[in-house]
Amino acid sequence: MSFPLLTATAVLPAVGAIATAAVPAARRSAAKWLALLVSLATLALAVTVLVRFDPDGDRYQLTESRAWIADFGVRYELGVDGIGVALIALTALLMPFIILASWHDADPLEATSSRWRPTQGFFALILGVEAMVIISFEATDVFLFYVFFEAMLIPMYFLIGGFGDRAHAGSDENAAAQRSYAAVKFLLYNLVGGLIMLAAVIGLYVVAGNFSLQEIAEARANGTLDMATNTERWLFLGFFFAFAVKAPLWPLHTWLPNAMGESTAPVAVLITAVVDKVGTFAMLRFCLGLFPEASKWATPVILVLALISIIYGALLAVGQRDIKRLVAYASISHFGFIVLGIFAMTSQGQSGATLYMVNHGISTAALMLVAGFLISRRGSRLIADYGGVQKVAPVLAGTFLIGGLATLSLPGLAPFVSEFLVLVGAFARYPVVGIIATVGIVLAALYTLVLYQRTMTGPVKPEVSAMPDLRVRELVVVAPLIALLIGLGVYPKPLTELVNPAVKHTMSDVQKKDPKPEVEAAK
């Protein structure tokens, strides 16, 4: 039997989470280093998966299949395509930076305080989320995917509610109430989506007789499984609703600004750069793969929802006074672009959507982590409390600017490539939709540049006059992300070559071909 590489990639952070939680209470530093080493080892395994994956080979590779709950047709089945490999690599890449950026976020509030923040539990929860996200990208059994799709809500609930942002105005009681509200809202929204999906998962089993993604696809291809039109549409809606909550897509988005605003900056990155990608990934793998006809039927409505997310999220970002909520609403706009690319039903759109998932993860991590370093120095999330930072902390301001420029998809930075492909793919089949979506680009430039102007330029406010620049640990966190944004912006070919074959398979699932360009004959 070959080495179960995919299992190892998911199990290692899970075992690391248990080991980190078991570190003695007085050994906080040991818990941090253990979590960091586990995340680096997981990254090494993810790189091994990336190296062993052949983009021109079988659709699903490094597969594993074992009986699990045989009486109900549930199997432990794993396999990765190019899209899954890219997102596993993104997850494993970001985790060491998230842990490093969180280095002091779970320390005791005071050296002599009895209010002890459980450092071991904090880092154990982060590793637990990593394990569940990775196996969600690997699962090719629908029930197995559902289990971890829902299970990741538990550690995220505690990370939001138990380890919230310290930059609060008002009393500690008020801050705790806001964290509790954000955590409960996150949990309820996603639980409702998950319960609806569970009903659809059961319905799929009744219709197909098993949960294997590959077996169901093969049965549909050879004609042995023929879903009734209404049945397929109802099952599609059940799956899509859960994924739209996780993504999040308007109007199911309202939990995200609260969750990101009340979390620490690294946990906010974990939410939007890692966990939320499971929703858009699942739209490609499960909605389009299992329900191709229903996906085409629902496309017009989903495109409208994506456009609303793009414009609405950007408009609310423009009007924000809170730095972290601004990034949250910007992410809602970006997820609208991702969904637009998926349901444009073109190879350019879906390739762009996949690249967008990766590039948004990197750019949002860069911007939010630098914003977190800024907020920790001043103790405030309000934009109005800053001014002239670039004069006292030029490196911090410079990295903040690059992260912001990546967020608005400046040419030469990685998100530009993905946003361009999404818009080209959308315009090729739905010109009006593509034109409207470009408004989001203009609004992104507005909220990003206004944010930088109000926080970094102008007279130096007395409260920031003694602000230190980025420290060594913080530079280690930010510098690689900036390098990736520039590198993938200048040379995206390795990423496109990885995902394009998987996109062709998805286009084949929905039996769609790219529209031919209309060229007027020369007269």
Side-chain angles (χ1 to χ4, degrees), residues 13 16 20 28-29 31-44 46-47 89-107 119 122-123 125-127 129-130 133 159 163 165-167 260 263-275 323-324 327 331 358-378 381 389-390 393-407 413-415 452 455-456 467-489:
T20 301
R28 291 184 294 110
S29 181
K32 297 175 186 179
W33 282 106
L34 177 60
L36 179 60
L37 291 174
V38 169
S39 69
L40 290 172
T42 304
L43 176 58
V47 170
L90 171 70
T91 302
L93 173 70
L94 292 180
M95 295 310 295
F97 301 126
I98 289 173
I99 289 172
L100 273 174
S102 304
W103 207 249
H104 298 298
D105 286 351
D107 287 348
T119 306
F122 178 78
F123 289 101
L125 290 170
I126 290 177
L127 290 175
V129 172
E130 180 182 19
V133 169
L159 284 170
F163 300 91
D165 188 6
R166 299 179 184 180
M260 288 184 65
S263 301
T264 65
V267 171
V269 171
L270 187 63
I271 295 169
T272 190
V274 177
V275 172
I323 297 174
K324 291 168 71 175
V327 178
S331 292
V358 176
N359 294 331
H360 171 264
I362 299 170
S363 62
T364 299
L367 180 61
M368 180 60 85
L369 292 178
V370 176
F373 299 148
L374 177 71
I375 291 168
S376 67
R377 285 158 164 75
R378 174 69 176 83
R381 298 171 359 204
V389 174
Q390 68 179 12
V395 177
L396 188 154
T399 53
F400 189 82
L401 177 61
I402 295 174
L405 294 177
T407 297
L413 297 175
Y452 183 83
T455 55
M456 302 295 164
M467 180 177 289
D469 214 334
L470 291 184
R471 302 177 178 92
V472 173
R473 173 180 59 86
E474 296 164 338
L475 284 171
V476 170
V477 170
V478 176
L481 298 175
I482 299 297
L484 278 172
L485 288 174
I486 297 171
L488 291 176

Checklist entry - What are the two closest heavy atoms between Glu130 and Ala92, and how far apart are they? => result OE2-CA, 3.8 Å

Checklist outcome for this item: For Ala31 and Thr20 the tightest heavy-atom approach is O-CG2, 3.8 Å

Next on the checklist: Counting C-beta onward and ignoring hydrogens, is there a side-chain heavy-atom pair between Val395 and Val478 closer than 4.5 Å?
Outcome noted: no

Item to check | Partners meeting side-chain hydrogen bond (donor to acceptor under 3.5 Å, both in side chains) with Arg377 (sequence neighbours left out) | outcome: Glu474

Item to check | Backbone of Leu485 reached by a side-chain donor or acceptor of Asn359 within 3.5 Å | outcome: no

Next on the checklist: Can you tell me if Trp33 has over 12 outside heavy atoms packed within less than 6.0 Å of its CH2?
Outcome noted: no

Checklist entry - How long is the gap from CG on Leu484 to CG on Leu413, to the nearest 0.5 Å? => result 12.0 Å

Item to check | side-chain contact (heavy atoms from CB on, under 4.5 Å) between Phe400 and Thr455, intermediate numbers included | outcome: CA-CA 10 Å; Phe400 189 82; Thr455 55; 4.1 Å; yes

Checklist entry - Is there a donor-acceptor pair closer than 3.5 Å between any side-chain N or O of Thr364 and the backbone N or O of Gly361? => result no

Item to check | From Leu481 atom CG to Ile486 atom CD1, the distance as rounded to the nearest 0.5 Å | outcome: 11.5 Å

Checklist entry - Roughly how far apart are Leu270 CG and Met260 CE, rounded to 0.5 Å? => result 10.5 Å

Checklist outcome for this item: So CG of Leu159 and OG1 of Thr264: to nearest 0.5 Å the spacing works out to 7.5 Å

Checklist entry - Taking all non-hydrogen atoms of both residues, which atom of Ile99 and which atom of Lys32 are closest, and how far apart? => result CG2-O, 4.4 Å

Next on the checklist: Show the nearest heavy-atom pair for residues Ser102 and Ile126, with the distance to one decimal.
Outcome noted: OG-CD1, 4.3 Å

Next on the checklist: With side-chain contact (heavy atoms from CB on, under 4.5 Å) as the criterion, how do Thr42 and Met95 come out once you've worked through the C-alpha distance, each side chain's angles and the decisive distance to 0.1 Å?
Outcome noted: CA-CA 9 Å; Thr42 304; Met95 295 310 295; over 6 Å; no

Checklist entry - Given the rule in the side-chain contact (heavy atoms from CB on, under 4.5 Å) test, do Phe163 and Val267 qualify, once you have shown the distances and angles that lead to the verdict? => result CA-CA 9 Å; Phe163 300 91; Val267 171; 5.8 Å; no

Item to check | Shortest non-hydrogen contact between Ala397 and Tyr452, atoms and distance | outcome: O-CE1, 3.5 Å

Checklist entry - Shortest non-hydrogen contact from Thr399 to Ile482? => result O-CD1, 4.1 Å

Next on the checklist: Could you check whether any side-chain N or O of Thr272 sits under 3.5 Å from a backbone N or O of Val269, counting only pairs where one atom can act as donor and the other as acceptor?
Outcome noted: no

Checklist entry - Passes side-chain contact (heavy atoms from CB on, under 4.5 Å), His104 versus Arg28? Steps please. => result CA-CA 10 Å; His104 298 298; Arg28 291 184 294 110; over 6 Å; no

Checklist outcome for this item: d(Ser331 OG, Leu367 CG) to nearest 0.5 Å is 8.5 Å

Checklist outcome for this item: dist His360:NE2 -> Thr407:OG1 (nearest 0.5 Å) comes out at 7.5 Å

